[in-house]
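Here is the structure we will look at.
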Amino acid sequence: MSPTQWDFPVELCCRPMAFVTLTGLDVVYNAVHRAVWDAFCANRRADRVPISFKVLPGDHEYPKCRPKRTSYEWYIPKGILKTGWMNKHLNLVPALVVVFYELDWDEPQWKEKQSECATRVEIVRQSLQGRNTKVAVVLIQKKTPLPPGEDVIASERAAALCNACELSGKSLFVLPHTDHLVGYIIRLENAFYEHAQTYYYTEIRRVKSHKEFLNKTTHQLLFVRHQFKIAFFSELKQDTQNALKNYRTAYNLVHELRAHETNILEIKTMAGFINYKICRLCFQHNTPLDAIAQFRKHIDLCKKKIGSAELAFEHAAWMSKQFQAFGDLFDEAIKLGLTAIQTQNPGFYYQQAAYYAQERKQLAKALCNHEASVTYPNPDPLETQAGVLDFYGQRSWRQGVLSFDLSDPEKEKVGILAIQLKERSVVHSEVIITLLSNAVAQFKKYKCPRMKSHLMVQMGEEYYYAKDYTKALKLLDYVMCDYRSEGWWTLLTSILTTALKCSYLMAQLKDYITYSLELLGRASTLKDDQKSRIEKNLINVLMNESPDPEPDCDILAVKTAQKLWVDRISLAGSNVFTIGVQDFVPFVQCKAKFHAPSFHVDVPVQFDVYLKADCPHPIRFSKLCISFNNQEYNQFCVIEEASKASDVLENLTQGKMCLVPGKTRKFLFKFVAKTEDVGKKIEITSVDLVLGSEAGRCVVLNWQGGGGDAASAQEALQASRSFKRRPRLPDSEVHWDGIVIQASTMIISRVPNISVHLRHDPPALTNEMYCLVVTVQSHEKSPIRDVKLTAGLKPGQDANLTQKTHVTLHGTELCDESYPALLTDIPVGDLQPGEQLEKAVYVRCGTVGSRMFLVYVSYLINTAIEGKETVCKCHKDETVTIETVFPFDVAVKFVSTKFEHLERVYADIPFLLMTDLLSASPWALTIVSSELQLAPSMTPVDQLESQVDRVVLQTGESASECFCLRCPSVGNVEGGVATGHYVISWKS
């Protein structure tokens with residue numbers, strides 16, 4: 001039995017179309033005939049009628065028609081459906097034979113041509129030998145015919161030709177070879193389709209007429225056969241509703257047949273065929289729920305019909321094919337527009353097909369494990385004279401035998417043995433992988449990640465069984481990430497175990513080491529004895545020796561692997577393997593933690609690295625080194641212990657680099673930060689732990705950042721949510737879950753030991769040169785140098801304040817807009833211990849309101865850190881908020897010479913301008929001078945002299961002046977005119 005025995009026949013799976021043969025066309029040597037044939041078969045769109053065309057010679061022999069049976073009284077059928085019947089009606093027996101003949105109506109030798117055409121038609125009729133196949137004639141003509149009724153000669157000759165060929169007028173057609181050939185061909189096709197419909201209708205009537213001769217006792221098989229034929233002819237006729245109805249009837253009749261071990265395969269085979277047709281038509285009619293319901297019913301009815309126990313694998317193969325075929329139908333329907341959902345998609349059917357294929361493999365392994373001495377039977381009981389079976393689903397050594405009693409048990413035994421031996425040659429893993437791959441593609445399409453991962457694991461395991469270890473590892477590696485991230489540790493352990501076997505059998509060093517590291521870790525659910533074996537193998541590999549074989553591996557594969565391992569040992573190559581652990585869960589955990597979130601530059605930076613081993617036995621490492629974003633610090637954070645490769649598993653628990661399972665080990669590191677790193681963040685970029693030695697092989701476990709692996713985040717979350725009380729530990733030990741990774745710290749400047757005092761008298765008055773006295777005193781124990789002062793408006797305030805605030809060191813000068821708002825890095829010299837200095841800063845505020853002023857003092861000092869002399873830059877800043885107020889309020893009013901209030905002034909009539917100055921200052925103000933600067937439109941009546949010079953105003957006191965003015969007449973002026981400026985100079 002071939003591996004494709006369970007595939008459905010092509011003629012069952014294709015869409016049945018009316019079969020029409022074309023004769024009289026020479027498509028090789030005649031260009032006109034070739035053009036006609038191309039028009040029939042090339043670029044057939046969906047809107048053209050469903051016909052299958054074939055060019056045959058006029059004397060082609062069609063399958064012979066068996067003589068019609070007049071009675072079924074003594075007839076005993078030998079099977080349900082012949083293997084060639086569907087193909088016969090799809091590709092061999094036409095519904096219509098079309099005879100093409102070149103003949104114009106005005107042909108001079110009409111009589112001879114007419115006679116030749118009639119002869120050709122007669123030859124076709126003879127070759128059909130009594131079948132109901134229709135015959136039609138198409139005349140290929142060079143001229144376009146006239147409309148019907150206008151060409152009298154054509155009508156007469158057409159009637160004569162029909163009479164000579166014994167054809168009805170509906171079976172004679174004319175095909176003009178013109179520019180519109182395709183249009184004529186489409187019209188011809190439609191006419192052919194009608195003839196074919198009539199033929200299949202006749203065939204259905206003929207089959208139905210047999211029913212009255214049948215009886216339920218001896219003709220049960222014929223009821224199924226005839227019902228199937230009616231349905232199939234209905235499909236050929238494109239009557240899919242009736243086809244579906246008849247297939248359903250046939251399906252029910254199949255299950256009414258009396259089943260026995262001898263005919264169970266035939267019943268299942270036909271049930272499978274009919275079920276396929278029903279499901280296909282349901283999808284075609286856009287009723288997918290009906291298709292699913294039918295398929296479920298089919299599986300429920302057939303899953304227990306196993307048949308011979310010795311051939312149980314055949315039932316599993318048949319079941320697998322049913323699910324696969326339905327999955328294919330479902331997928332095809334989706335491509336044509338059907339919408340599937342996450343819980344009902346083809347993936348589930350491919351998955352179930354794979355499950356039965358796996359069951360087939362297991363059953364075949366159990367039932368076909370014959371000894372090597374057992375040979376294949378000769379002659380072959382599975383061969384037939386014709387090369388194929390007569391009826392679907394029958395055994396080749398007892399075709400047509402319907403008896404439930406086995407007439408020849410020995411022949412039966414030999415036949416079963418032949419099937420079993422043939423099954424051994426089937427590559428089951430290929431079948432399973434193909435089905436699983438189909439299922440994975442569907443689950444990926446419908447976003448079912450867990451189903452996809454589950455099936456990819458099965459695919460990986462099948463590749464392992466098929467000894468394709470590279471593909472197995474690729475798939476298993478892909479899904480490990482999902483199971484790690486979701487914490488499916490039992491599943492992960494199972495996958496890792498298979499992956500370890502694959503890496504061993506391929507002698508893949510790095511993979512073997514990586515999987516071993518994880519199987520020894522906390523994520524592994526292996527027992528301690530298994531972990532001990534893996535740990536021992538890992539150490540062997542690190543000592544440049546071959547590991548022991550993994551259990552349950554194929555013996556031949558192990559022998560090949562052992563040779564590969566010997567080659568690996570002898571080959572000179574890199575013996576250092578760096579393994580990034582952030583993507584898996586190794587048997588060592590690592591956490592790094594700085595003692596503080598920030599360190600002053602004159603204090604050593606300190607941090608701890610915590611390590612914890614989860615393997616069964618104490619293990620010794622050779623080196624621990626930390627890397628930073630500033631690589632200059634790397635050299636200060638290395639712990640190294642010289643050891644031999646054989647010392648790795650020594651039980652020396654007191655060793656500096658020895659880790660005891662379950663115990664947390666702490667390593668303290670410290671280094672002095674560089675002064676240029678002040679204000680910068682120092683980060684641990686990686687932690688490297690070296691296992692083994694360069695004499696053998698080295699494994700570098702690399703943690704990114706401050707530690708943590710694929711399971712750390714999940715474990716930290718669980719620990720934070722846990723209310724479980726932690727047991728009390730000795731002072732020297734810590735709870736692992738209580739350690740929080742802190743992989744970065746800030747370097748901040750040395751704490752300044754100076755005092756900065758600000759002396760001033762608020763508030764400041766607008767435009768006043770306000771004095772701010774800065775006093776700096778050193779409390780350092782050694783001299784400080786390069787003392788610099790930065791003073792002025794603190795940056796980051798309103799831009800308007802920056803434009804209206806000006807700072808200077810010289811109070812005698814009046815600041816203008818060229819002066820800055822902040823004076824930076826003013827050198828003020830050096831200071832001895834206890835010495836102080838003062839510096840006056842003058843600020844001019846052009847607007848009222850609050851301002852924040854900054855005084856920043858920086859200096860350099862020599863200091864010793866960990867016995868090393870270094871220069872530190874220190875700084876201290878003070879801020880003060882100063883309120884700015886107006887010095888006085890000025891009010892101006894116009895009055896008449898009689899001191900009466902004026903709303904307006906009149907040309908050439910004198911008036912008085914009165915000014916009132918009200919002091920708003922908290923202390924006395926002296927008015928130095930006042931001046932009225934008149935506009936061109938105003939003239940003074942008398943001399944403009946200040947009346948308030950050297951007047952001292954206390955808080956709340958006011959001073960007034962009076963000026964007599966006149967507005968000259970300058971024509972007809974309407975509206976207001978400018979008076980001028982009133983300028984006051986004052987001091988406090």
Side-chain angles (χ1 to χ4, degrees), residues 598 600-603 675 678-679 748-798 801-802 804-815 819-863 871-885 887 921-924 987-988:
S598 62
H600 292 286
V601 70
D602 60 334
V603 176
T675 52
V678 172
I748 55 178
S749 61
R750 177 180 175 274
V751 178
N753 199 5
I754 61 170
S755 59
V756 178
H757 297 289
L758 307 178
R759 192 171 75 250
H760 62 107
D761 294 320
L765 303 179
T766 310
N767 292 324
E768 175 192 10
M769 296 298 288
Y770 187 71
C771 182
L772 190 66
V773 179
V774 181
T775 305
V776 180
Q777 184 175 11
S778 171
H779 303 293
E780 297 284 3
K781 294 178 182 177
S782 58
I784 63 174
R785 55 191 170 83
D786 201 13
V787 182
K788 291 181 181 178
L789 173 70
T790 296
L793 190 70
K794 187 176 182 180
Q797 297 181 74
D798 192 345
L801 289 179
T802 306
K804 294 294 183 181
T805 307
H806 309 285
V807 184
T808 182
L809 297 176
H810 309 291
T812 56
E813 301 172 1
L814 189 64
C815 289
Y819 283 73
L822 182 70
L823 292 172
T824 58
D825 293 337
I826 306 161
V828 292
D830 302 338
L831 286 177
Q832 297 297 320
E835 188 182 352
Q836 72 175 32
L837 61 83
E838 285 189 354
K839 196 77 173 175
V841 179
Y842 296 92
V843 182
R844 178 172 175 257
C845 303
T847 56
V848 297
S850 293
R851 287 168 172 76
M852 188 176 285
F853 289 92
L854 167 71
V855 175
Y856 176 94
V857 180
S858 65
Y859 62 92
L860 300 178
I861 185 169
N862 291 346
T863 183
V871 177
C872 288
K873 185 176 181 180
C874 304
H875 66 85
K876 187 166 186 177
D877 56 66
E878 293 286 339
T879 56
V880 61
T881 301
I882 298 175
E883 188 75 27
T884 305
V885 298
S921 171
W923 49 81
K987 64 180 180 180
S988 58

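Index from 1, following the sequence.
- Ring geometry for His875 against Tyr856 counts as parallel: the plane angle stays under 30°, on a 0 to 90° scale with 60° as the upper cut.
- For Glu780, the salt bridge (Lys or Arg N to Asp or Glu O under 4.0 Å) test picks out Arg750, with sequence neighbours left out.
- At distances below 3.5 Å, at least one donor-acceptor pair connects side-chain atoms of Thr790 with backbone N or O atoms of Asp825.
- Atom NE2 of His757 is separated from atom CD of Glu838 by 10.5 Å, given to the nearest 0.5 angstrom.
- What you find for Ala764 and Ile882 is that their closest heavy atoms are CB-CG2, 3.9 Å.
- Taking both residues in full, the closest heavy atoms of Ser749 and Val678 are given as N-CG1, 3.6 Å, listed atom of the first, atom of the second, then distance.
- Atom NZ of Lys876 has more than 12 neighbouring heavy atoms from other residues, nucleotides or ligands inside a 6.0 Å radius.
- Nearest approach of Cys845 to Phe853, heavy atoms of both residues: SG-CZ, 4.3 Å.
- Paired with Val880 under the rule side chain to side chain contact (heavy atoms under 4.5 Å, CB included), one option of His760, Arg851, Lys794 passes, and it is His760.
- With hydrogens and angles disregarded, no donor-acceptor distance shorter than 3.5 Å links the side chain of Thr766 to the backbone of Thr847.
- Atom-to-atom distance recorded for Ser850:OG and Asp798:CG is 12.5 Å, nearest 0.5 angstrom.
- In this structure, Gln797 contributes its side chain and Met852 its backbone to a donor-acceptor pair below 3.5 Å.
- In this structure a side-chain-to-backbone donor-acceptor pair under 3.5 Å is missing from His779 to Ile754.
- The line from CD of Gln836 to OG1 of Thr775 is 6.0 Å long, rounded to the nearest 0.5 Å.
- Here Ile784 contributes atom CD1 and Leu831 contributes atom CG; the two are 4.5 Å apart, rounded to the nearest 0.5 Å.
- Considering every non-hydrogen atom in both Ala791 and Val807, the closest pair reads O-CG1, 4.3 Å.
- A donor-acceptor distance shorter than 3.5 angstrom exists from the side chain of Gln777 to the backbone of Gly834, with no hydrogens or angles considered.
- Between Leu765 atom CG and Ser921 atom OG the span is 4.5 Å, to the nearest 0.5 Å.
- Side chain of Tyr859 to backbone of Asp830: no donor-acceptor contact under 3.5 angstrom is found.
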Just do the side chain to side chain contact (heavy atoms under 4.5 Å, CB included) check on Leu822 and Leu793 with the steps written out, would you?
CA-CA 5 Å; Leu822 182 70; Leu793 190 70; 5.6 Å; no
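- A pairwise comparison of heavy atoms in Thr808 and Tyr819 identifies OG1-CE2, 3.6 Å as the closest pair.
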Does Leu758 form a side chain to side chain contact (heavy atoms under 4.5 Å, CB included) with Val774? I'd like the steps, not just the answer.
CA-CA 5 Å; Leu758 307 178; Val774 181; 3.8 Å; yes
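- Counting heavy atoms from C-beta on, the side chains of Pro762 and Glu883 never come closer than 4.5 Å.
- Between Ser782 and Asn862 there is no side-chain heavy-atom pair separated by less than 4.5 Å.
- Atom CD1 of Ile826 sits about 4.5 Å away from atom CG of Leu809, to the nearest 0.5 Å.
- Side chain of Asp877 to main chain of Val857: no donor-acceptor pair is present (N/O by atom type, distance under 3.5 Å, no hydrogens or angles).
- Contact detail for Val828 and Leu837: the closest heavy-atom pair is O-CD2, 3.6 Å.
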